[in-house]
Amino acid sequence: MHPAIRAVAHFGELWSSSENWEQFVWNLSRFEFPRPLSIYVCPLFVVRQKSQLPAADRLFRNVASVKTQKDSRLVSMLLDSERFPQEHLRGSLVLWPAVDGSHYMLVALAPSLVWDRSVRIPLDRTSTEVVKPSLTQVAMKQVLESFEKNLSGMTIRVVKAASRRWITAKGEPRRMGSRIDWELMSIDEAFREAKEEGKWFTNIKVELLRTGRQGRKFATGIVASIHRHGYHQANAPFPELFSNLTPLLLEIGRETIRRLSNRSRLDSPSLAVRPLAIEYDMNLFKDPSRNRDFIRAATKIPRFGFSILHGNPYLHMALTDFADGSSYEVFVVEASRVFLVPQLRATPGSLNRLLSHLFSGFPEGKIVDAAS
Amino acid sequence: MSSNKIREIRESIDNYRGTIMSLLAFANEARWNKKKGQFIEGSQFSLGRAMNTSDQNRVSPKERVTPDLIVQRTSDYGIVCEAKTCLPPLSDKKETLARYEECVEQIAKYDDDLQGWLTEDERIPVHDLVLLVDQTRGVPMKRFVQSHSLVATLGRKFAVVSTARTSQLDDFVNLRKEYGSLTETTLDQSLEDVCSVSIKHLEGLLAKLKFYDAPPPTPVYTVQILWDHVFLTLADPDVIDAEAKHCEIEVDSTRLCELLQKLYGTTGVDSRDCRIPDKVWVEEALDFLVETGDAKRRADGTYVITYPLRRRGGGDTEGYFARKAVQITRRKEMQNRAERLKSGDLFEQAN
C-alpha cells in the first residue's frame, strides 16, 4: 500500500478516536504523513438551513464516501480525484463542529491537487451556504506577523506568493492576471513590494526557520501557507498551526460574518437599506475606463444576473444571485469608493461570494459600513 | 433600426431615473444649511403629495393636485417643484408649444394658498414655484416663460431651474437657475451660481426610491426592478437551492404593488401621500411579461412567472427586455398591417 494512502486511512480513523476538538488537534500535531500530502484547515460558517450542514456532495466534489458520527454533525469524507485516478491521489476530510454551534472546522489531509479540485474550488465557486474568513491584504499581513510573533524560537520568511494584478499589453484591453513569485523575503518586504507593484496576494507560503545559538537561521523544512479565503496549510504537523494560526483566522471569520450579516432589507421592519462600501486608498475610478473593468469583473461572476443601469460617467448596476435570490445595487460615483446596497434578500453567503469574485477580477478594497 | 428603438427605450428609462435623481438633488439643496453643513432642522420633503387648491385658483379651483415634489424648508417657507426633464426642443410646432404651455399651466395651478403642507394646519405662509427642466431646455424654457402672459401674472415667486449630470473626480447633479428668483436668498444665490450636489449623497435614496408621481415610460422599467430584485425573493428557496434551471413564482398584482410601494416607492403615510407605484403600472409590467412568454395570466387574475435561473439572452436584463419590447411592438405593427390589408383599409387609403 502506498504510504500516502495508509496515512489518509489513518487520518480517517483519528477523528473517530478523538473525544473532543482539543484531543483531535493534539493527535494531529503528532501525526506523521508523507509527501505529497499536506494538512489543510479552514473555519466554515454555515449560514443557511438553520446552521445545518448542507449535503456533502453539494459542498465538495469527488466525495468517495461519507461517514458521520454522533448527531451526524461530525462528518468525515474520503476524497478521490476522478480525473487523476492514480492510487495515491486521495484525501480525507473532517468537518468538526464547534461546541457553541457557530462554525465547523474543516480539516483535510490531501495532496494539493485533490484539495484544490475537490474542496477549495467547489467551495469558492458555488456555495452560498457557507462563509469562509475573508482576508484583506492588511489582515493577511497582520495574521502572518502575529503568527511569527507567537512562534517560540522560530521566524518565518516568504518563499512563494500567488498574487493578482492588472496586465496591460499594447493594443489589448487591460485584464486581470495571476502571478506566482518564488522569492525569499521577509513579510514586510513582500507586502511593500506588492503595494509598489499594484498587486495583491491570494496565497502566501512561508517557511519556518529556527534561530541557532549564534543567531544563524536554519530551515526546519516546515512550510505553511495562508489563503485570502482563510484556508491555511502545512506540509508537516506542528502544534502552532492549530494553536496559533487557526484561532487568528477563526476570529477573522467571525468578523466577516458579523460584517455581512443582517444586510438584507427583510432584516429591518421598515425595510431600510444597510449598505456597504468598498474603499480604495487611491482614486481608482479617476480613469473612466475603470468602470468598464469593474463591469467586466461583476458580469463574470458565475450564477449572477445583472443590469447595467448607467455606465458612464457614473456606474449604476443591479446584480442578482441566482443561487439564492439575493440582489444588490452598485453605484460608483466617487473616484475611490464603490457603494453596494443589498436589496430585499442578501445572505452573508451570497455577499461573501460576490465580494470574493469581485476581488478576483478587480483590485481589492477595504469593506466598510456605509451610511444610507 | 431596431438598435435605435432599443436605445430609445433605454434612454427613456435613463431619463426617468435622471428625473428622480434631479428631484432628490433639488430636495437636498433646498433643505441644506450651508453655514452649518447639515440639513435644516425640521425640514422635510415629499414626492407626489396631494394638495388642495382654493376656489381662487385660476387653473383648477377646488381640486386635488399632486406636484412632483414639495420641499418644506421651514414651517414658514416651502417650495413646490414640478419636473419636466423630457421636453422636446422648442419650436413652432403645435405639439411642442402645447408641451411647454402645459408646463406653465401646471405651475400656475400651484400658484395658490395650497392646503396639504406638512404643518399642523396643513398651510404655509410663503411658498415659491420651481420648474425643473433638463439643461438643454433651460434657455428655451426661459425664452418661453419670459413672454408668457400667465407667468407675468403669477402671485408667487417662480424660477426655472435646469439640471444636468456632470463628472469630475466624483459625479454630481448640477442645478442652475435659468429664470426668475426665489424668496429664500441664500438658496436663490446658490442656484444662481450653479450648485453641484454630489451623487454620493443620493446613492442610498436612489437604491430605494425608484418611482415618483409620473408613470414609468415603458413597462421594461418596472420589469427590470421586479426581475432583478423582487421575483426571486418570492420564490420557494428550496427550488432555488436545488440548482434547478428555472423556477415558477406565483404573484398577485395587488400584493406585488404593495411590496413595490414599500421597497421602491411611497406607501402613503397619511391620506395625502400618494401610493406609488400605481397598481396599473405593475399590471402593465406583468402583462408585458405575458407577452414576452415569461408569465401566464390565470383566470383569477394572478400571474405565474417562469424565471430561468440564468442570464436572459446571456447578458443584461434591462437590455434583454428592451429588445423584447421592440420585437413585440414590431409584431403588433405587422399584425395590424395584416388585418388592415385583409379588411381592405390599406387599399382604400392608397386610393
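Naming: A, B, ... by sequence-line order, numbering from 1 per chain. Every heavy atom of this structure was used, including side-chain atoms; hydrogens, water molecules and symmetry mates were not.
Contact check for E203(B) versus R337(A): side-chain heavy atoms found under the 4.5 Å cut-off. Counting heavy atoms from C-beta outward, E318(B) and L309(A) have side chains that approach closer than 4.5 Å. Inter-residue side-chain proximity for Q343(A) and V230(B) is flagged as unmet; no heavy-atom pair is nearer than 4.5 Å. M21(B) places none of its side-chain heavy atoms less than 4.5 Å from the side chain of H310(A).
Minimum heavy-atom separation, T233(B) to R345(A): O-NH2, 3.3 Å. When all heavy atoms of Y328(A) and H229(B) are compared, the pair lying nearest together is O-CE1, 3.3 Å. Between R311(B) and G305(A), the closest heavy-atom pair is CG-CA, 4.0 Å. Contact detail for L206(B) and F331(A): the closest heavy-atom pair is CB-CZ, 3.8 Å. Scanning all heavy atoms of the two residues, the minimum distance from F339(A) to G204(B) falls at CE2-N, 3.7 Å. Among all heavy-atom pairs drawn from D228(B) and S327(A), the shortest one is O-CB, 3.1 Å.
Only the side chain of L259(B) comes within contact range of chain A, with heavy atoms under 4.5 Å apart. For a residue to count as touching a neighbouring chain, one of its non-hydrogen atoms must lie under 4.5 Å from one of that chain's; by this rule A235(B) touches chain A with the backbone only. Within the 4.5 angstrom heavy-atom criterion, no atom of Y320(B) approaches chain A. Of the atoms belonging to D321(A), it is backbone heavy atoms, and not side-chain ones, that fall under 4.5 Å from chain B.
Counting heavy-atom pairs closer than 4.5 Å to chain B, the top residue among A318(A), A272(A), P288(A) is A318(A). Ranked by heavy-atom pairs shorter than 4.5 Å toward chain B, the options A335(A), S264(A), S307(A) are led by S307(A). By number of non-hydrogen pairs under 4.5 angstrom with chain A, the leading residue of I225(B), L263(B), D14(B), L232(B) is L263(B).
Other residues, nucleotides and ligands place no more than 12 heavy atoms under 6.0 Å from the CD atom of E41(B). Heavy atoms from other residues, nucleotides or ligands lying under 6.0 Å from CD of E255(A) number more than 12. When the shell of 6.0 Å around CZ of R292(A) is examined, it contains 12 or fewer heavy atoms from other residues, nucleotides or ligands. By the neighbour-count criterion of 12 heavy atoms within 6.0 Å, atom CZ of R176(B) is sparsely surrounded, having that number or fewer from other residues, nucleotides or ligands.
Put simply, CG on L344(A) and NZ on K262(B) are 10.5 Å apart, with the number rounded to the nearest 0.5 Å.
Using modelled atom types, one side-chain atom of T317(B) and one backbone atom of F306(A) make a donor-acceptor pair closer than 3.5 Å.
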